[in-house]
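For reference, the structure discussed in these notes is given below.
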Amino acid sequence: TAKDAGRGRHAMFEEPLDARLLERSSLLADLRQAVARKELVLFYQPRICVADGSIVSAEALIRWRHPTRGLLGPSVFIPLAEESELIEVIGQWVIQAACAQLARWRREAVPLKRLSVNVSPRQLQSGRLMDDVEEALVRHGVPWNMLELEVTESLLVGDARSASEQLGRLRERGVLIALDDFGTGYSSMATLRTLPIDVMKVDRAFVQDLSEDPSALAVTRAILTLAQALGKHTVAEGIETQAQADTLRQLGCDEFQGFLFSQAVPAAEFAALCRFSAQQPLSASA
Ligand code: C2E
Ligand code: MG
Ligand code: MG
Ligand code: MG
């Protein structure tokens, strides 16, 4: 009954709540050490050009090699980091690490046009993003247009004007700006029109329901039509099936990203994938 279920739920929540708090604080304490201890690592997920099936770029996705818990994904620790200034340290590390890797791949002639990294709203609020990016690119001798920054609509919650200005300045130097998880956030059509972006990423939430849910198809079509009308490059993320890829291709999507092609993999594995795809297009083309 509802009452039993309610009681059960209560009992289930009470103890684990303390456990969760403990867990959180111990995780946070570990996370404070993680950068210095070099436990953070970037994995890379290919982004595939729909037109020719080659890997044009990759998204850098952070992982944490925790000494006792094993390999942790960002959903476990990025939200935690975002509650404090820790995200700025981590964000800075990500930009440095991505640029260092880009430089290595350039030396090794890995065929790759650019690399995208995720930027959290707090990195824009700190006002240091431009300096961090410039420092990393210059130090590693990487051209500005090889870096793409993925931001979400949540950056508009704070000082939207300042965030927008900073992105605009980065873009003037050649950095590409992508709006991540598009369609799940707050942006109004009005802000979208003025936001300095080059790329729109259709969120996985729409992509995964494409084949079963007509409304997901309608929204995806509308997003792609809007993006195309605004002259933006389009990427669909979370593609897991050939049917989803086929539909997105028909809708005129420019780039694919998803487990159908590859998960995020360590740098060495990604380089091999990249070389392979230059010979043999990954896109299971229609
Ligand atoms: P995101 O930026 O939207 O990244 C895409 C996420 O979807 C990644 O999860 C990726 O592994 C996953 N994904 C890609 N294709 C598929 C698919 O076909 N099926 C499924 N089920 N999932 C797919 P991940 O790596 O766990 O990252 C989750 C989120 O964590 C990212 O979402 C991003 O918001 C955040 N994140 C990751 N790395 C960083 C970082 O360096 N800095 C910051 N601030 N956030 C990061
Ligand atoms: Mg992203
Ligand atoms: Mg996304
Ligand atoms: Mg996301």
Side-chain angles (χ1 to χ4, degrees), residues 31 34-35 39-48 55 57-65 71-101 114-126 128-129 132-133 136 147-155 163 176-185 197-211 220 223 234-245 248 253 255-267 269-270 282 284:
L31 191 55
V35 175
E39 290 166 2
L40 299 180
V41 57
L42 294 179
F43 276 32
Y44 303 89
Q45 187 179 32
R47 277 169 46 174
I48 288 105
I55 297 178
S57 103
E59 176 172 7
L61 294 159
I62 197 168
R63 305 286 183 259
W64 179 10
R65 293 196 196 283
L71 190 67
L72 302 179
S75 58
V76 179
F77 61 94
I78 287 293
L80 202 60
E82 281 178 333
E83 289 172 21
S84 71
E85 77 301 331
L86 211 55
I87 190 62
E88 291 172 39
V89 181
I90 293 174
Q92 212 173 357
W93 176 84
V94 170
I95 291 167
Q96 282 289 338
C99 290
Q101 187 59 68
R114 70 176 51 89
L115 186 61
S116 70
V117 303
N118 293 280
V119 167
S120 120
R122 229 176 145 119
Q123 290 174 264
L124 281 159
Q125 283 158 18
S126 78
R128 293 188 31 184
L129 187 61
D132 287 350
V133 166
L147 186 68
E148 180 174 315
L149 300 178
E150 298 195 5
V151 298
T152 61
E153 296 154 85
S154 57
L155 74 92
L176 275 85
I177 310 293
L179 193 53
D180 203 356
D181 304 342
F182 184 73
T184 63
I197 55 166
D198 306 280
V199 178
M200 281 167 67
K201 298 189 80 174
V202 180
D203 194 71
R204 178 160 71 88
F206 306 116
V207 173
Q208 73 187 359
D209 293 341
L210 264 183
S211 308
T220 302
I223 290 173
T234 55
V235 182
E237 55 183 359
I239 301 171
E240 294 183 355
T241 70
Q242 186 60 49
Q244 290 162 355
L248 288 158
C253 184
E255 275 179 43
F256 291 155
Q257 182 179 345
F259 292 174
L260 177 64
F261 306 96
S262 171
Q263 296 192 343
V265 294
E269 211 173 307
F270 178 78
L282 282 189

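Just so you know, residue 1 is the first one in the sequence shown, and it goes up from there. First listed ligand is number 1; within each ligand, the first listed atom is number 1.
- Taking every heavy atom of Glu240 and a limit of under 4.0 angstrom, the matching atoms of ligand 1 come to 17 (C), 18 (O), 19 (N), 20 (C), 21 (N).
- Side chain of Asp132 to main chain of Gln92: no donor-acceptor pair is present (N/O by atom type, distance under 3.5 Å, no hydrogens or angles).
- Near Glu237, the atoms of ligand 1 lying under 4.0 angstrom from a non-hydrogen atom of the residue are 3 (O), 5 (C).
- Only the side chain of Arg63 comes within contact range of ligand 1, with a heavy atom under 4.0 Å; no backbone atom does.
- The Mg ion (ligand 2) forms the vertex of an angle spanning OE2 of Glu59 and OD1 of Asn118; to the nearest 10 degrees it equals 90°.
- Contact check on Glu150 versus Arg47 returns a salt bridge, with a Lys/Arg side-chain nitrogen under 4.0 Å from an Asp/Glu carboxylate oxygen.
- Across all their heavy atoms, Ala97 and Leu42 have their closest contact at CB-CD1, 3.8 Å.
- For the pair Asn118 and ligand 1, the shortest N or O to N or O distance falls below 3.5 Å.
- Side-chain contact of Glu59 with Asn118: a donor-acceptor pair under 3.5 Å is present, judged by distance alone.
- Near Ser120, meaning under 4.0 Å from one of its heavy atoms, ligand 1 places the atoms 44 (N).
- Here Asp180 contributes OD2 and Glu150 contributes OE1, and at the Mg ion (ligand 2) these two atoms make an angle of 90°, given to 10°.
- Under 4.0 angstrom from ligand 1, there are no non-hydrogen atoms of Gln263.
- Between Trp64 and Val76 the shortest side-chain heavy-atom distance does not fall below 4.5 Å.
- Considering all non-hydrogen atoms of both residues, Leu71 and Phe43 come closest at CD2-CZ, 3.9 Å.
- When the Mg ion (ligand 3) is compared with the N/O/S atoms of Glu237, atom OE2 turns out nearest.
- The closest approach between any non-hydrogen atom of Gly73 and ligand 1 is not below 4.0 Å.
- The pair Glu148-Lys201 fails the salt-bridge criterion, with no side-chain N (NZ, NE, NH1 or NH2) lying under 4.0 Å from an Asp/Glu carboxylate O.
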Working for side-chain hydrogen bond (donor to acceptor under 3.5 Å, both in side chains), residues Glu88 and Gln123:
CA-CA 6 Å; Glu88 291 172 39; Gln123 290 174 264; over 6 Å; no
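- Considering backbone and side-chain N/O of Ala264, none are found under 3.5 Å from N/O of ligand 1.
- Looking at Asp180 next to ligand 1, an N or O pair under 3.5 Å apart turns up.
- With a 4.0 Å cut-off on non-hydrogen atoms, Asp181 touches ligand 1 through its side chain and not its backbone.
- Of all heavy-atom pairs between Ser262 and Pro46, the closest is CB-CG, 3.6 Å.
- In this structure, Ile239 has a heavy atom closer than 4.0 Å to ligand 1.
- The side-chain hydrogen bond (donor to acceptor under 3.5 Å, both in side chains) test with Gln257 singles out one residue from Arg204, Glu237, Gln45, and that residue is Gln45.
- When each of Leu61, Ile90, Ile62 is tested with Pro74 by the rule side-chain contact (heavy atoms from CB on, under 4.5 Å), just one qualifies, namely Ile62.
- Residue contacts with ligand 1 for Glu59 involve side-chain atoms from C-beta outward but no N, CA, C or O (heavy atoms, distance under 4.0 Å).
- The shortest side-chain heavy-atom distance between Glu82 and Pro121 falls under the 4.5 Å cut-off.
- For ligand 1, the polar-atom distance check finds an N/O of Arg204 within less than 3.5 Å of one of the ligand's N/O atoms.
- Using a 4.0 Å cut-off to heavy atoms of Gly238, the atoms of ligand 1 that qualify are 15 (N), 16 (C), 17 (C), 18 (O).
- Here's the thing with Glu82: none of its N/O atoms is less than 3.5 angstrom from an N/O atom of ligand 1.
- Taking a cutoff of 4.0 Å between a charged side-chain nitrogen and a carboxylate oxygen, Arg122 and Glu83 do not qualify as a salt bridge.
- For Asp181, every N, O or S atom stays at 2.8 Å or more from the Mg ion (ligand 2).
- Atoms of ligand 1 lying under 4.0 Å from any heavy atom of Val94, numbered from 1 in the order shown and given with element: 41 (O).
- For the pair Phe259 and ligand 1, the shortest N or O to N or O distance falls below 3.5 Å.
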